Amino acid sequence: MSKARLIVLAVTQRQQTQAEVARRYRVSWRWVHELIRRYEQGGWDAIEPRSRRPRSNSAATAEPVRARILALRRVLTDSGLDAGPVTIAWHLEHEHPRAPSTSTIRRILHKADLITPEPKKRPKSSIHRFEADQPNETWQSDFPPQAGGAPTTGRWPTAATSRSSTGSTTTPGYCSPPPPTAASPLG
């Protein structure tokens, strides 16, 4: 039994006030009043949840434009020409001052089942996933460039808290020792 039906029964059969029922079921007294009004006008069917869908859509593509899109698709396909949304949009722009966008044309063609899905066109990069089997198995770092465009040396400032919490023994203020120079014995 729905909550709306319980509220109506509490008011109509148990003779409870609308304010008592509103407190008990934790709804506003206006909603209780609205449910009672609906019940008195239309019975039990009137208190069922109503659709929230709008009755009309003023931004919907007009039917003559939809028909012209489908007709252009047929004509272009029969002529052996490209009949994609971009081509249809080009033709419509020369006929109408306000032609729909290519995404709207594609949606209309899909709805009319004039576009066949081609799963082979899926990009190969979408198959490879960047994930690890175990936690902490894969690490990623992002090294910022040096000021002035100098080549990177791996000497980046680090936070003192991160060194102390991990037990790192790096040189204070740097992640790695400086690279050997030409004057050093290693270079």
Side-chain angles (χ1 to χ4, degrees), residues 1-12 18-19 21-22 24-145 149 152:
M1 187 176 297
S2 70
K3 188 175 189 178
R5 191 175 282 251
L6 289 173
I7 290 171
V8 170
L9 286 174
V11 173
T12 57
Q18 292 181 10
V21 173
R24 181 176 180 190
Y25 289 102
R26 294 184 177 152
V27 294
S28 69
W29 64 268
R30 286 184 178 94
W31 179 240
V32 174
H33 180 72
E34 176 68 18
L35 286 174
I36 298 302
R37 186 188 63 74
R38 285 186 190 176
Y39 171 71
E40 289 171 350
Q41 288 180 352
W44 292 113
D45 292 335
I47 65 169
E48 292 303 316
R50 296 178 177 178
S51 172
R52 295 182 180 193
R53 181 180 179 190
R55 289 187 179 92
S56 64
N57 182 4
S58 60
T61 307
E63 191 55 40
V65 176
R66 295 170 89 82
R68 182 63 184 142
I69 290 171
L70 298 175
L72 273 172
R73 173 70 175 214
R74 270 186 251 107
V75 168
L76 291 170
T77 304
D78 292 344
S79 301
L81 300 171
D82 178 41
V86 176
T87 305
I88 293 173
W90 184 86
H91 285 280
L92 287 175
E93 286 172 0
H94 288 79
E95 296 175 9
H96 300 288
R98 294 189 60 213
S101 68
T102 55
S103 60
T104 301
I105 294 171
R106 185 196 57 75
R107 204 174 308 119
I108 291 169
L109 295 174
H110 254 293
K111 204 176 245 186
D113 289 331
L114 295 177
I115 295 180
T116 55
E118 296 183 24
K120 288 184 254 178
K121 287 189 173 181
R122 179 178 172 181
K124 300 235 185 286
S125 62
S126 67
I127 297 170
H128 177 69
R129 294 191 47 140
F130 186 74
E131 64 180 75
D133 293 330
Q134 298 293 321
N136 280 337
E137 183 178 66
T138 304
W139 287 65
Q140 178 181 350
S141 60
D142 187 15
F143 294 107
T152 59

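The residues of the chain are indexed from 1 along the displayed sequence. Being a predicted model, the structure only gives us computed values, none of them experimental.
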query: Taking atom OG of Ser79 and atom CZ of Arg74, what is their separation to the nearest 0.5 Å?
result: 12.5 Å
query: Mind checking whether His91 and Arg68 have side chains closer than 4.5 Å, heavy atoms only?
result: no
task: Could you check if a side-chain atom of Asp82 sits within less than 4.5 angstrom of a side-chain atom of Leu76, using non-hydrogen atoms only?
output: no
- prompt: Per the side chain to side chain donor-acceptor pair (under 3.5 Å) rule, which among Glu40, His33, Gln41 passes with Arg37?
  reply: Gln41
query: How far does OH of Tyr39 sit from OG1 of Thr12, to the nearest 0.5 angstrom?
result: 5.0 Å
field: Distance (rounded to the nearest 0.5 Å) between Ser2 OG and Ile7 CD1
entry: 8.5 Å
query: Heavy-atom distance under 4.5 Å between the side chains of Val8 and Trp44, does that happen here?
result: yes
- prompt: Which pair of non-hydrogen atoms, one from Ile88 and one from Ala83, has the smallest distance, and what is that distance?
  reply: CD1-O, 3.6 Å
field: Minimum side-chain heavy-atom gap Pro100-Ile69 below 4.5 Å
entry: yes
field: Main-chain N/O of Arg73 paired with Thr77 side-chain donor or acceptor, under 3.5 Å
entry: yes
Trace of the side chain to side chain contact (heavy atoms under 4.5 Å, CB included) decision for Ile108 with Thr61: CA-CA 9 Å; Ile108 291 169; Thr61 307; 4.0 Å; yes
- prompt: Is there side-chain contact between Lys3 and Val27, with heavy atoms separated by less than 4.5 Å?
  reply: yes
- line: Rounded to the nearest 0.5 Å, the OG1 atom of Thr87 sits from the CG atom of Leu92 at a distance of 11.0 Å
query: Are any non-hydrogen side-chain atoms of Leu109 and Leu70 less than 4.5 angstrom apart?
result: yes
task: Kindly indicate whether the side chain of Val86, heavy atoms from C-beta on, has any atom under 4.5 Å from the side chain of Ile105.
output: no
field: Spacing of CD belonging to Glu93 relative to CZ belonging to Arg98, to within rounding of 0.5 Å
entry: 12.5 Å
- request: May I ask you to say whether Glu34 pairs ionically with Arg38, meaning some side-chain N is under 4.0 Å from a carboxylate O?
  value: yes
